[in-house]
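Below is one structure, written out as structure tokens; the observations come after it.
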Amino acid sequence: MLVNSVFNETDFLRLTSLFKDPKSFEFQDGFSRWVAADNRIPELQHYAYLVTPLARSLFDSPTLLPTYTLFSHYEGPDARLHKHKDDNACTYTLDMCVYQKTPWDLYVEDVPYTLQPNQALAYYGNDQEHWREDFPNPETNHVAMIFFHFAEPDHWFFTKGFGYLNVIRGHITDEQWETRK
Ligand SMILES: [Fe+2]
């Protein structure tokens, strides 16, 4: 579902002002993107809470809570987002466009969506396949998004903690995780 005007104009301008130097963030080679999560930019947590009432209404859940939020700036000929479902705490996802030169459609289950700044797509990140096709105008383009993620209070993210992702991904066993706590 496409959502218009995620934030009011003032909040959206304040939010975009956090990303004046996106290339100072961590570079992820595989996606050709620079990312910063809410541990690097704590203000993102404030915006995740601001958008929580909207998420609760869109996903028809009065109990969902923000998990983690990620800013991502894609640029360059290798920018890509392969077809995937998320394994992190992404039961409910709001993918919001922050800024862009040329829109880069986001596909969710074979349907392309074109987003403009301050528009978002609401979908189920863990259950619905999502991806992007070829990056348009790769020599000059850039596209920046924020991924707001939400889950229910009984999700492992809240009951066990963020580090439990290592168990979900099979890097460690449940037993190893228990002894590390
Ligand atoms: Fe994803």
Side-chain angles (χ1 to χ4, degrees), residues 1-3 6 15 18-19 22 25-41 44-45 47-49 51-52 54-56 58-61 64-100 102-136 138 141-152 155-158 160-171:
M1 188 192 304
L2 205 61
V3 186
V6 176
L15 175 58
L18 298 172
F19 313 113
F25 302 147
E26 178 199 339
F27 181 65
Q28 292 182 328
D29 210 7
F31 305 88
S32 191
R33 69 183 187 183
W34 286 260
V35 297
D38 48 357
N39 55 353
R40 163 85 193 248
I41 307 177
L44 285 177
Q45 291 170 17
Y47 288 93
Y49 278 103
V51 83
T52 295
L54 174 65
R56 287 181 168 176
L58 289 167
F59 293 108
D60 196 22
S61 160
L64 63 74
L65 293 168
T67 54
Y68 75 101
T69 304
L70 188 74
F71 168 85
S72 182
H73 171 113
Y74 296 87
E75 185 175 325
D78 295 327
R80 66 175 69 92
L81 189 71
H82 60 90
K83 189 184 278 195
H84 70 286
K85 292 179 185 174
D86 300 315
D87 59 3
N88 208 330
C90 313
T91 311
Y92 313 104
T93 299
L94 264 184
D95 266 18
M96 188 190 76
C97 178
V98 187
Y99 56 81
Q100 61 192 358
T102 308
W104 187 23
D105 285 0
L106 175 62
Y107 285 72
V108 176
E109 293 185 335
D110 294 323
V111 181
Y113 297 90
T114 306
L115 294 169
Q116 300 299 329
N118 202 19
Q119 280 187 326
L121 191 67
Y123 62 96
Y124 299 92
N126 293 139
D127 292 332
Q128 294 186 299
E129 284 198 312
H130 49 283
W131 71 95
R132 294 172 192 270
E133 302 286 345
D134 290 347
F135 194 50
N141 198 9
H142 62 222
V143 171
M145 306 288 300
I146 295 178
F147 315 127
F148 293 102
H149 298 120
F150 306 87
E152 295 298 331
H155 191 277
W156 58 258
F157 183 90
F158 299 114
K160 293 171 185 281
F162 187 70
Y164 195 74
L165 183 62
N166 286 310
V167 178
I168 300 290
R169 291 186 171 166
H171 299 155

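Order of listing sets the numbers, starting from 1, for every ligand and every atom in it. Sequential numbering from 1 along the given sequence is applied to the chain's residues.
Between the NE2 atom of H130 and the OD1 atom of D86, the angle taken at the Fe ion (ligand 1) works out to 100° after rounding to 10°.
Shown here are the side chain to side chain contact (heavy atoms under 4.5 Å, CB included) partners of L58, two or more places apart in sequence or in another chain: M1, V3, L54, L94, A122. Checked against ring-ring contact (aromatic ring centres under 6.0 Å, His included), H171 has no partners two or more places apart in sequence or in another chain.
If you look at F19 and F71, their ring centroids are closer than 6.0 Å.
Distances from the Fe ion (ligand 1) to the N/O/S atoms of H84 are shortest for NE2.
For the residue pair H73/E75, the side-chain donor-acceptor check at 3.5 Å is satisfied.
At a cut-off of 2.8 Å, C90 does not coordinate the Fe ion (ligand 1) through any N, O or S atom.
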